[in-house]
Amino acid sequence: MWRSCLQLWDWGPRLLKWPLGGPICSVVPGPIPQLRARAYAPPKERKRFYQNVSITQGEGGFEINLDHRKLKTPQAKLFTVPSEALATAVAMEWDSQQDTIKFYTMHLTTLCNTSLDNPTQRNKDQLIQAAMKFLDTDTICYRVEEPETLVELQKNEWDPIIEWAEKRYGMEIGASTSIMGPSIPAKTYETLASHLASYNMWALQGIEFVVAQLKSLVLTLGLMDLRLTVEQAVLLSRLEEEYQVQKWGNIEWAHDYELQELQARAAAGTLFVHLCSESTTVKHKLLRE
């Protein structure tokens with residue numbers, strides 16, 4: 001657990017530097033924001049109202065305390081996470097806020113709120129299917145027929161990942177230049193669905209989030225198995241865009257911002273999945289003594 005906590009000091013600044021796009025939820029006690037189809041509406045920035053952040057182990061897991069107030073979810077549930085490592089990461093997000101609380105930087109808090117409130121009321125099978133649906137249109141399974149340099153680049157960069165996945169999970173995936181995509185055997189779907197079922201509900205929330213960012217179940221599996229780093233997975237998911245940038249140049253600041261934002265999302269989701277499996281029996285921990 002402490003190894004994971006120490007790694008947070010390296011990962012934390014990277015995760016907190018860039019905003020997490022898409023649905024963000026408010027975690028401050030108060031009126032419940034209106035629910036959207038998939039998640040909460042983005043809250044506005046708010047002046048920091050607390051001095052100290054601490055972690056306490058309760059009956060249901062680890063809780064976050066802002067001074068003497070217990071953190072709540074948008075649906076007013078007690079904010080409780082399954083591991084101290086994850087609680088430490090969330091507490092660091094709150095503790096790192098300065099005079100103003102910038103909710104869009106609090107990636108892990110958002111994922112925890114989604115897991116706790118489950119605003120779309122999905123069960124485990126539905127989460128698995130939500131991730132599995134990307135296999136039909138997996139980014140690295142669709143290939144171009146021209147130009148030759150891009151064809152060769154896709155082959156050199158994507159084929160090794162597909163070969164790894166096929167060997168790792170004992171299945172067939174393949175690739176295709178057809179608009180219909182590759183013909184994936186039914187056994188492959190069964191194998192991957194069975195593998196995803198080995199994760200708990202919290203981890204599946206994170207996995208589905210990462211899959212949606214990368215548009216690739218295969219690259220996400222590579223991240224979870226530590227076959228790929230976040231930077232590698234993101235670049236592989238954007239291979240054609242990066243090729244075009246190298247050939248034609250990029251729009252000033254826009255390309256770099258988009259790349260860094262995607263890295264932040266993928267990093268947050270990956271860290272979330274791994275920390276959801278941590279456990280500890282430490283009773284109480286203060287971030288500020």
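Residues Gln126 and Thr120 form no side-chain contact, since every pair of their non-hydrogen atoms from C-beta on lies 4.5 Å or further apart. At least one side-chain heavy atom of Met132 sits less than 4.5 Å from a side-chain heavy atom of Leu217. Side chains of Leu221 and Tyr169 form a contact here, defined as non-hydrogen atoms less than 4.5 Å apart.
A donor-acceptor pair is defined here as one N or O able to donate and one able to accept, closer than 3.5 Å; no such pair exists between the side chain of His274 and the backbone of Phe272. Looking only at distances, a side-chain donor or acceptor of Gln98 sits under 3.5 Å from a matching main-chain atom of Ser96. Of the possible polar contacts, none joining the Lys215 side chain to the Thr137 backbone as a donor-acceptor pair under 3.5 Å is found. Counting only distance, with no hydrogens or angles, the side chain of Tyr50 and the backbone of Trp94 share a donor-acceptor pair below 3.5 Å. A donor-acceptor pair under 3.5 Å is formed between the side chain of Gln154 and the backbone N or O of Val144. Judged by distance alone, with hydrogens and angles left aside, the side-chain atoms of Glu93 form a donor-acceptor pair with the main-chain N or O of Thr109 at under 3.5 Å. Between the side chain of Arg48 and the backbone N or O of Asp95, at least one donor-acceptor pair lies under 3.5 Å. With hydrogens and angles disregarded, a donor-acceptor distance shorter than 3.5 Å links the side chain of Thr188 to the backbone of Glu172. Panel note: side chain Ser198, backbone His195; a donor-acceptor pair is recorded below 3.5 Å. Under the 3.5 Å distance criterion, the side-chain polar atoms of Gln205 are left unmatched by any main-chain donor or acceptor of Trp202.
Considering Val90, Asn65, Leu66 as possible partners of Val53, the one that fulfils the side-chain contact (heavy atoms from CB on, under 4.5 Å) test is Leu66.
Transitive grouping of hydrophobic side chains (ILVMFWY, heavy atoms separated by less than 4.5 Å) keeps Leu78 and Leu71 in distinct clusters. Under a hydrophobic-cluster definition in which Ile, Leu, Val, Met, Phe, Trp and Tyr are linked whenever side-chain heavy atoms come within less than 4.5 Å, directly or via other members, Leu235 and Tyr142 are assigned to different clusters.
With no hydrogens or angles considered, no side-chain donor-acceptor pair links Glu240 and Thr139 at under 3.5 Å.
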(message) Run the side chain to side chain contact (heavy atoms under 4.5 Å, CB included) test on Val234 and Arg265 for me, step by step, so that the C-alpha distance in whole Å, both residues' side-chain angles and the decisive distance to 0.1 Å come before the verdict.
(response) CA-CA 10 Å; Val234 167; Arg265 292 182 177 191; over 6 Å; no
(message) side chain to side chain contact (heavy atoms under 4.5 Å, CB included) for Leu127 and Tyr199? Distances and angles first, verdict last.
(response) CA-CA 11 Å; Leu127 284 173; Tyr199 289 94; over 6 Å; no
(message) Test side chain to side chain contact (heavy atoms under 4.5 Å, CB included) on Phe49 and Ile101; report intermediate values, then the result.
(response) CA-CA 9 Å; Phe49 58 89; Ile101 304 173; 3.7 Å; yes
(request) Applying side chain to side chain contact (heavy atoms under 4.5 Å, CB included), run through Thr149 and Tyr243 and close with a yes or a no. (result) CA-CA 9 Å; Thr149 50; Tyr243 172 83; 2.6 Å; yes
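Smallest separation of non-hydrogen atoms from Trp158 and Leu236: NE1-O, 2.9 Å. Across every non-hydrogen atom of Ala233 and Leu219, the tightest pair is O-CD1, 3.7 Å. Closest non-hydrogen pair, Thr105 versus Lys102, comes out as OG1-O, 2.7 Å. Leu214 and Ser237 get closest at one heavy-atom pair: O-CB, 3.6 Å. Heavy atoms only, all atoms of each residue included: Phe62 and Gln57 are closest at CE2-CB, 3.7 Å. Of all the heavy atoms in Leu108 and Leu271, the pair that sits closest is CD1-CD2, 4.2 Å.
Other residues, nucleotides and ligands place more than 12 heavy atoms under 6.0 Å from the CD atom of Glu166. More than 12 heavy atoms of other residues, nucleotides or ligands shown are found within 6.0 angstrom of CD on Gln121. No more than 12 heavy-atom neighbours from other residues, nucleotides or ligands sit within 6.0 angstrom of CG on Asp99. Around the NZ atom of Lys187, the shell of radius 6.0 Å holds no more than 12 heavy atoms that belong to other residues, nucleotides or ligands.
A distance of 5.0 Å separates NZ in Lys77 from CG in Asp117, rounded to the nearest 0.5 Å. Distance check: Arg168 CZ to Arg227 CZ gives 12.5 Å after rounding to the nearest 0.5 Å. Atom CD of Glu208 sits about 11.5 Å away from atom CD1 of Ile128, to the nearest 0.5 Å. Note that CZ of Phe79 and CD1 of Ile64 are 6.0 Å apart. Values are rounded to the nearest 0.5 Å. The distance from atom CD1 of Ile207 to atom CG of Leu223, rounded to the nearest 0.5 Å, is 10.5 Å. Note that the NZ atom of Lys72 and the CG atom of Leu116 stand 12.5 Å from one another [nearest 0.5 Å].
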